[in-house]
Structure formats: C-alpha cells, structure tokens
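Here the structure comes first, spelled out in structure tokens, and everything after it is commentary.
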Amino acid sequence: MGVGHSSLSSCSVDSLFITAFTAQPKTSSFSNSNRQKPLFPTKKHSPFAVLKIGTLNCARVAGEMEIGKGIAAAGKPIVDLHGIDDGLIQKIVYDALVWSSLHGLVVGDRNDQRSGKLPGVGMVHAPIALLPTSFPESHWKQACELAPIFNELIDRVSLDGKFLQDSLARTKKVDAFTSRLLDIHSKILEMNKKEEIRLGLHRSDYMLDEKTKLLLQIEFNTISSSFAGLGCLVTDLHRTLLNDYGEDLGLDSKRIPGNTATGQFAEALAKAWTEYNNPRAVAMIVVQTEERNMYDQHWLCTLGITYNVRTIRKTLAEIDSEGQLLPDGTFLVGGQAVAVVYFRAGYAPTDYPSESEWRARLLMEQSSAIKCPSISYHLAGTKKIQQELAKPNVLEKFLESKEDIAKLRKCFAGLWSLVDSDITKKAIEKPELFIMKPQREGGGNNIYGDDVKETLLRLQKEGSEEDAAYILMQRIFPAVSPTFLIRDSICHKDHAISELGVYSAYLRNKESVIMNDQCGYLMRTKVSSSNEGGVAAGFAVLDRHSAWQIMVLVILKHREELF
C-alpha cells in the first residue's frame, strides 16, 4: 500500500490515449508545409480554455472515448519513433513547452531556493513524455473496476483497530516512525473516538507484467495521493498536440479519454465539507515547509470557486502553533473552524523534525474535523498491511463478496514477511526477482538487485528483529518501449517502462456511502534502467493512457532528483 507522495524524480506524468493503428484523417495545421503554424489556431486552443474551473476540461472517461478497431500490443510503440522527422519533433516539443507554461503544467525549479515557498517564483515545466505508450483496454478496465472495491476494503480495515495494531506490532519495535503513528492510533482507540464521517482520496498503482500479462498492484496510496492536478493538464496537453499534429503522427486526439481526477477529488472534498455541516468552516491542506509540487495542489483550490469552500494551507508546525481543540471537538486554526483536513504532508519521518509536528498530528486526530486520511486510513495503507491482506483467508474477514475477493487477489503480486525462511532463501539465491520494501514513502527507499541479497544476509547474521521493518515483494517486469522524454526543456529518446495509477474517492457518513468512485488516472514513465517510480522524488515522468490503448504522458524517471 503506501502513500502517494509528490516526489518528482525520475518519472514523467502522462495521460491516456485510446488508440488504433490508423487515425481518423483531419486537416493538419502543420501538414507538409514548412511554415510555422499558430500555436493555438482555434478558439478551443485558447490558452485560457483549459482554465475553466470545475471541469478542468477533464470529462468522464466513458463519455469521451471514441474506440478504434485496431488494438496494438501492450508495450509496443504506437508510432515508429525512428520514422518521425526531427524537425517535426522539435516543433511538437516547442509547442508542448509553451502550452505547459501557459496552462500551469509546472513545478518548482530545484535550482531556485525560493521556488518551494513562494508561488510564481522559479517555475519550470513538469517532466513529460512527448508521445504516449500503449496499454491494453482490458487491463485499464480491470484497474478501474478495482477502485471502489479497494476503497471499501480500506474503510473496513481502518475500523479494525486490533488488526492494525497486531499486524504492525513487530514493525513498531524496530521502526520509530511507524511506532509514533501507532501510538497516536492507540490514543484514539483509548478515547473510543469514532470517525463517523470518513474521507479517502486514494490512488492504486499497477504495472502490467510482460511475461504473465497480469495487471499487478504495486501499492495502494491512502495519504497525499499526488498529481491529480497535473495529470489532468497532461490529458489536455496531449489532446492539443494531437489536434495539431495527429495526421502527421497517425494518431487521433478523439481517442484520448478525459481525466476526471481533479474535478472529482475537489467534489469529494466539497461533499465532505457539506457533511460536516458548518458553512463557516474551512478546508485545510496540510503542506510541507517547502513544496515544489505546490501547483498540483493548488488545482484543488477550485473548491473556492466551484463549491464556495474556503481553503487554507498550513504546515504541521503552524498547526501546532495556531491550533486549538474546543471541548465539543471543534478544531480551530488561527481562530477558524476546520471542517476537512487534507494531508499533502505527514507521510514521512522528515515531515516530523520535532515534537511540534507530532503534537499537531495528535491534535487533529483528536478533533471532530474530517481527516483525509485519518490515522486509521494512514496505517491501513502501509506496506505491511498490504502484505497481511495478501495472506490466505484475510480478505474474507473484511469482504463478503467472493467475486470481489477474487478480483482483488488476481491483482496481488507476491508479498511476504521476512519471517518466511523459504522465501528469504529464494530471495538470497535470486535477488533480481524480489524487492525489499521498508515502511517508508517518498521514493528512493526500496532495495533492489544484489542489495537485496546483502541486506538479507546482514539481517540473518545480526539476528535482530530489524527484518520486521521490511516486506519482500515480487519484482514486476513490464514491457520496455522507446519514448520521447522532456526534462529541463530538452527532449531525448530512451527506453522506458510505465506504471498506471488509478485515483478513487470514498466518502461515508455513518452507514451512508455518499461517494465511492474511480476518479481518473495517472501514468508515470521512467527509463527502464531506473528502479524507483516516484515522480516527485525524481524517478518518473507524468503520463496519460487510453482504454483501447492507454497512451502515457511521462515525467522523467532518472536517479537524480528533479528539483
């Protein structure tokens, strides 16, 4: 499971593309002419068209797809990259960079120290993949169908405090961060406090294994599921590019489905605010002290325009300083009642440099404000819980439907505790087939290759309980395909693999489920030589995909940090 951290390292962000082998003919503004085409030749290409708050030009997927007859194989390039004229590529790159700048497809520049604190300072385009990568419709539909089932599972797991505490008991002994989270959870249990209104904004990440052709889950993110905002913009970028260059590339922009992530996340937050039933209360976004991915977060501030919900942004330290808990459970920050707390920070030990931040987290959990996520939801998304849920007969404790259980099990990759001596022996013998995962998020934490073997041998030699800090996971090997990646305004061609994330929202008030929906998607692409997958951590680029063929816009996945 895990968190949807906002690190932008070696991945790129993309969008979906419903593609066939042939595209519908259209008149190209570039065609075979050498003249410079206008960047936004029609009204719908106005630089302000995408900024209509609320819809964000991200229509529901089902209503916007025009399905083609041909279906390319998963992982195969949609167009022959070797056959594209260099001059054409440079024109597309130029237009993509201008569009990104005009429409807010940007992040903070790591070379400007102020870019993570002051909006509008040191902005650069998000790393992107210029053209999409194929993804089969059947697996895309599978991932979308799983979203509401996982939402319900996480909600039910979150209510079983004993299961969470028992499953993480050994981890607590060796992992100080998880221990502090469990301490807060224990205090909430001792208070017998019930979260009657529960909100989850989630993202489930998958890879398509090339050998087995199975869609396998990597993790389920319950806190700070990032890039809903930028992912929607990528969809609009690709549509614009294919409207202008589709004939030259043999691609049809109508086969790009809409991306609903930002609009539906904002809708879920607004509905939660409504359920709280205090029209004077605000929605509070908990942020890091420095956040170079702030623009992705600010897209959700459509809450103020579309739903008349005021939002404030506070760090954990500011919440500790300004927060106040009233006897009736009302949570005040700076004198303002808070209806909804939306975490875009608090998922990593570095977010808690002092006791001040931990006091703030406990104060929020003790309040009647709706937390997204609550401490229970946060723990339900840890990797250890993901591994526990994959054990035989565990899902049956939380779900009744045999059909739903079968669907979930089908997407589970191999997951094991290190107390399994047989599997640790196999991992030492063939470390390239496994990944060691600690209870950490944010990118750059997993262990691969020979490091798996060395770490396991060290743990065995020391004989300590440190093994409880890790789980072992089957390594997934997706198809490798060539793609164009743009980073720092430079386009280069590389071999890449992609990871599909499907967003979902869950809102419940007591026995009433108000929202349980799949909410758009995120495709991240990284160069095939990179192990990690976090976009903001510097390992991936943003993508988009299609339903017949999911075209992926990518944010570069290199080992060096993006910022």
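Please read these numbers as outputs of a predicted model, since none were measured by experiment. Just so you know, residue 1 is the first one in the sequence shown, and it goes up from there.
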- Message: Could you go through F265 and T260, starting from their C-alpha distance and side-chain angles, then the distance that decides it, and tell me whether this counts as side-chain contact (heavy atoms from CB on, under 4.5 Å)?
- Response: CA-CA 8 Å; F265 268 23; T260 61; over 6 Å; no
- Test ring-ring contact (aromatic ring centres under 6.0 Å, His included) on Y448 and F434 and set out the steps. CA-CA 7 Å; Y448 298 85; F434 296 86; over 10 Å; no
- Query: Any donor and acceptor pair, going by atom type alone, linking the side chain of D175 with main-chain N or O of F177 inside 3.5 Å?
  - Reply: yes
- Task: List in chain and number order the residues that pass side chain to side chain contact (heavy atoms under 4.5 Å, CB included) with K391, two or more places apart in sequence or in another chain; answer none if no residue qualifies.
- Result: Q387, E388, V394
- Task: With sequence neighbours left out, write down each residue that passes side chain to side chain contact (heavy atoms under 4.5 Å, CB included) with Q474, or none if nothing qualifies.
- Result: L216, A413, W416
- Quick one: which residue pairs count as a ring pair (Phe, Tyr, Trp, His ring centres under 6.0 Å) with a foot in residues 190-211, not counting sequence neighbours? H202-F220, H202-Y377
- Message: Tell me every residue that passes side chain to side chain donor-acceptor pair (under 3.5 Å) with S368, counting only those two or more places apart in sequence or in another chain.
- Response: Y276
- Donor-acceptor under 3.5 Å (N221 side chain, I223 main chain): no
- Item | Qualifying residues under side chain to side chain donor-acceptor pair (under 3.5 Å), relative to E195, sequence neighbours excluded | K193, K371
- Item | Donor-acceptor pair between S186 and Q165 side chains, under 3.5 angstrom | yes
- For the pair S356 (side chain) and D320 (backbone), establish whether a donor and an acceptor sit closer than 3.5 Å, ignoring hydrogens and angles. no
- Message: Looking at N509, is its backbone amide N or carbonyl O close enough to the side chain of S512 to form a donor-acceptor pair, meaning the two atoms are under 3.5 Å apart?
- Response: no
- Message: If the threshold is 4.0 Å, N to carboxylate O, is there a salt bridge linking E400 and R156?
- Response: yes
- Does the E357 side chain pair with the main chain of S354, one donor and one acceptor, at a distance under 3.5 Å? yes
- Query: How long is the span from the CZ atom in F343 to the CZ atom in R361, to the nearest 0.5 Å?
  - Reply: 4.5 Å
- Are more than 12 heavy atoms from other residues, nucleotides or ligands located less than 6.0 Å from atom CD of E396? yes
- Message: Keeping D209 on the side-chain end and F477 on the backbone end, is there a donor-acceptor pair under 3.5 Å?
- Response: yes
- Message: Measuring only between side-chain heavy atoms, which start at C-beta, is L215 closer than 4.5 Å to K410?
- Response: no
- Message: What's the separation between atom CG in L507 and atom CD1 in I370, rounded to the nearest 0.5 Å?
- Response: 7.0 Å
- Query: Between Q217 and Q386, is a side-chain contact (heavy atoms from CB on, under 4.5 Å) present by the stated rule, with each step listed?
  - Reply: CA-CA 10 Å; Q217 187 186 56; Q386 178 187 14; 3.7 Å; yes
- Message: When you compare the side chain of I149 with that of L399, does any pair of heavy atoms fall below 4.5 Å?
- Response: yes
- Task: Check salt bridge (charged side-chain N to carboxylate O under 4.0 Å, His left out) between D183 and all other residues, then give those that pass, not counting sequence neighbours.
- Result: K172
- Tell me, with the steps shown, if Y503 and Y521 meet ring-ring contact (aromatic ring centres under 6.0 Å, His included). CA-CA 6 Å; Y503 293 106; Y521 57 87; 8.4 Å; no
- Item | side chain to side chain contact (heavy atoms under 4.5 Å, CB included) partners for N516, two or more places apart | P148, N151, E152, Y506, V513
- Check whether any side-chain heavy atom of M364 lies under 4.5 Å from a side-chain heavy atom of I319, and answer yes or no. yes
- CD of Q439 to OG1 of T178, rounded to nearest 0.5 Å, is 5.5 Å
- Task: Kindly say whether S226 contributes a backbone atom to a donor-acceptor pair with the side chain of R203 at under 3.5 angstrom?
- Result: yes
- Query: Any side-chain heavy atom of L153 within less than 4.5 Å of one from L395?
  - Reply: yes
- Query: For L230, does its backbone N or O pair with a side-chain atom of D296 as donor and acceptor, under 3.5 Å?
  - Reply: yes
- Note on the structure: Hits for salt bridge (charged side-chain N to carboxylate O under 4.0 Å, His left out) against E145, two or more places apart or cross-chain, chain-then-number order -> none
- Side chain to side chain, R475 and E432, heavy atoms closer than 4.5 Å: no
- Message: So, taking the atom named CE in M523 and the one named OG1 in T235, what distance separates them when rounded to the nearest 0.5 Å?
- Response: 11.5 Å
- Message: Test of understanding: with salt bridge (charged side-chain N to carboxylate O under 4.0 Å, His left out), list the residues that count as partners of D467, not counting sequence neighbours.
- Response: R170
- Message: With a 3.5 Å distance limit and no angle check, can you tell me whether S376 reaches the backbone of L159 through a side-chain donor-acceptor pair?
- Response: no
- Note on the structure: Nearest heavy-atom contact between P478 and I497 is CG-CB, 3.7 Å
- Could you walk me through whether L415 and L472 pass the side-chain contact (heavy atoms from CB on, under 4.5 Å) test, one step at a time? CA-CA 6 Å; L415 294 160; L472 273 172; over 6 Å; no
- Got a sec, which residues hit side chain to side chain donor-acceptor pair (under 3.5 Å) with T424, two or more places apart in sequence or on another chain? none
- Look up atom OG in S158 and atom CG in L164, then write down how far apart they are to the nearest 0.5 Å. 7.5 Å
- Could you walk me through whether Q297 and R313 pass the side-chain contact (heavy atoms from CB on, under 4.5 Å) test, one step at a time? CA-CA 10 Å; Q297 300 170 4; R313 292 168 61 86; 3.0 Å; yes
- Using 30° and 60° as the class limits, which term best fits the ring planes of Y352 and W358: parallel, tilted or perpendicular? parallel
- Is there side-chain contact between R344 and N293, with at least one heavy-atom pair below 4.5 Å? yes
- Query: Is any side-chain heavy atom of I514 less than 4.5 Å from a side-chain heavy atom of R508?
  - Reply: no
- Message: Do P438 and N446 make a side-chain contact, defined as non-hydrogen atoms from C-beta onward lying under 4.5 Å apart?
- Response: yes
- Message: Under a 3.5 Å distance rule, please check whether S504 uses its side chain to pair with a backbone N or O of C519 as donor and acceptor.
- Response: no
- For G346 and L316 the tightest heavy-atom approach is CA-CD1, 4.3 Å
- State which residues pass side chain to side chain donor-acceptor pair (under 3.5 Å) with E429; sequence neighbours excluded, sorted by chain then number. none
- Note on the structure: Taken in chain and number order and not counting sequence neighbours, the residues that satisfy side chain to side chain contact (heavy atoms under 4.5 Å, CB included) with K453 are I428, P431, L457
